[in-house]
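First the proteins, then the strands, lettered A, B, ... as listed; each starts at 1. These numbers come from the heavy atoms of this one structure, side chains and all, not from hydrogens, waters or symmetry mates.
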Protein chains: 2
Amino acid sequence: MSTTPSISAGQTAPVTPSPQLTPFEAQVVEVFTDLVQLLGLPKSVGEIYGLLFATAEPLVFAEIERKLDLSKGSVSQGLRTLRELGAIIPADPELDLGGTHSGLETPRATRWVAVVELRRLLGSLLRERLVPYIKRQDQRMLAATQSLIAAEPDLTSASLKILQSRLSKLETWQARASTVLPLIGKML
Amino acid sequence: MSTTPSISAGQTAPVTPSPQLTPFEAQVVEVFTDLVQLLGLPKSVGEIYGLLFATAEPLVFAEIERKLDLSKGSVSQGLRTLRELGAIIPADPELDLGGTHSGLETPRATRWVAVVELRRLLGSLLRERLVPYIKRQDQRMLAATQSLIAAEPDLTSASLKILQSRLSKLETWQARASTVLPLIGKML
DNA sequence: TGCAGGTTTCAATTAAAATTGAAACGGTGG
DNA sequence: CCACCGTTTCAATTTTAATTGAAACCTGCA
């Protein structure tokens, strides 16, 4: 499976050593490491997703570890994150059903595949990251409003007016976000 | 090191010192530090914008520095970022027009105000961050496609099919993004 | 019960940002 | 030309986040 590796001299891959990756895999991995950093996730998460995206067959833990030259810790953590985001799924349904039908069954490793449907990815991103964020902000806005009320006597009425209008603007943003985002999630 | 932060004797304010801020200001600042970290910008940028958002009158460099207890460097860098994002503007139009009509004019400091219109903020965020990002990704996708073509002989035709379909899916994402985002920008 | 992969945990380490502060840079009025 | 004020620059530092690797933890099997 490995194309002739070890680029050796010539083009030293600079930032991304990509030791065990084909050029194609390396390119795709780069696409996703970049995307993932835009989203504020660790690079390793992008590498793992990128590798799975660039690979037709499912991969197991150990292959990911080897091809990307990552530690077990990173792979474990990265797979967990991607699983939680719904960006990867086990290739084999959880079935135990077939029974213990062979002698050479060692507890086989989970084989992972990338979820490549944009709607699913965006959907869970919204659900997992934006929605909790908005919840947090709602709390904060409430607190801010109360602080403003408490401060009232200390402000000129002109300032108060302005600040009130800004706060209400913020609340509008919030409201818009918390109605629009779930909607988008549904629409995808 | 420090497993436990070792509270020791210091009465130094802990995580959120907010030394010179009213409770209201502190709350609003928190809202924006959080938002800004979601966007992958430095915290200080959120603090500065939050302070300006929470203040009815324009503020000058020195006041920001003092109220947020930031270094000159951070304030300068933060103001620059916010300016570039179109999130703040000078309160006083750049006018020199009136002429040098007074004797007590020291080179006055720029007074900054927050831009509070969501559409403007989102618009420039799209323009300044997402659009350049998409440009970069376009490049990468091209490279990836070429790599795949180059690798063709090394792949089973089944794998090749799958990878080609994934790539084209990626390209679709890209295309959608690069048409939809500018559109959104306009619509705001 | 013991063993053998496979995976997770978590303190220590390393890498990556962000922040600082001192020095340099205008530009303006004296 | 000089001295001053507001601002920017940038190397050094600090802070924060990601990565590592060894040990613990399953779980099914013999």
Quiz item: Is the A/Trp173 ring parallel, tilted or perpendicular to the B/Phe53 ring (thresholds 30°, 60°)?
Solution: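 A/Trp173 and B/Phe53: perpendicular rings.
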
If I take atom [atom1] in residue [X] and atom [atom2] in nucleotide [N], what distance separates them, rounded to the nearest angstrom?
| X | N | atom1 | atom2 | result |
| --- | --- | --- | --- | --- |
| A/Arg80 | C/dT8 | CZ | C1' | 7 Å |
| A/Gln77 | C/dT8 | CD | C1' | 10 Å |
| A/Lys72 | C/dT13 | NZ | P | 21 Å |
| B/Arg66 | D/dG6 | CZ | P | 14 Å |
| B/Arg108 | C/dG27 | CZ | P | 15 Å |
| B/Trp112 | D/dT7 | CH2 | C1' | 11 Å |
| A/Leu38 | C/dA17 | CG | C1' | 17 Å |
| A/Phe61 | C/dT9 | CZ | C1' | 12 Å |

Practice problem: Just call it for A/Leu70: base, sugar-phosphate, or nothing, with non-hydrogen atoms closer than 4.0 Å on any strand. | Solution: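 Contact class for A/Leu70: sugar-phosphate only.
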
Practice problem: For B/Arg83, report the nucleic acid contact type (base, sugar-phosphate, nothing); a contact means any heavy atom under 4.0 Å. | Solution: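 Since only primed, P, OP1 and OP2 atoms lie under 4.0 Å of B/Arg83, the category is sugar-phosphate.
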
Practice problem: Check for a donor-acceptor pair, side chain of B/Tyr133 on one end and backbone N or O of A/Asp34 on the other, with a separation under 3.5 Å. | Solution: no

Between [X] and [N], does any side-chain N or O lie under 4.0 Å from OP1 or OP2?
| X | N | answer |
| --- | --- | --- |
| A/Ser74 | D/dA18 | no |
| A/Ser76 | C/dT7 | no |
| A/Ser71 | D/dG21 | no |

Self-check item: From CG (B/Asp154) to OG (B/Ser159), nearest 0.5 Å
Solution: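 B/Asp154 atom CG to B/Ser159 atom OG measures 11.5 Å (nearest 0.5 Å).
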
Practice problem: Decide, yes or no, whether a salt bridge links A/Arg111 with A/Glu57 under the criterion of side-chain N to carboxylate O below 4.0 Å. | Solution: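 No.
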
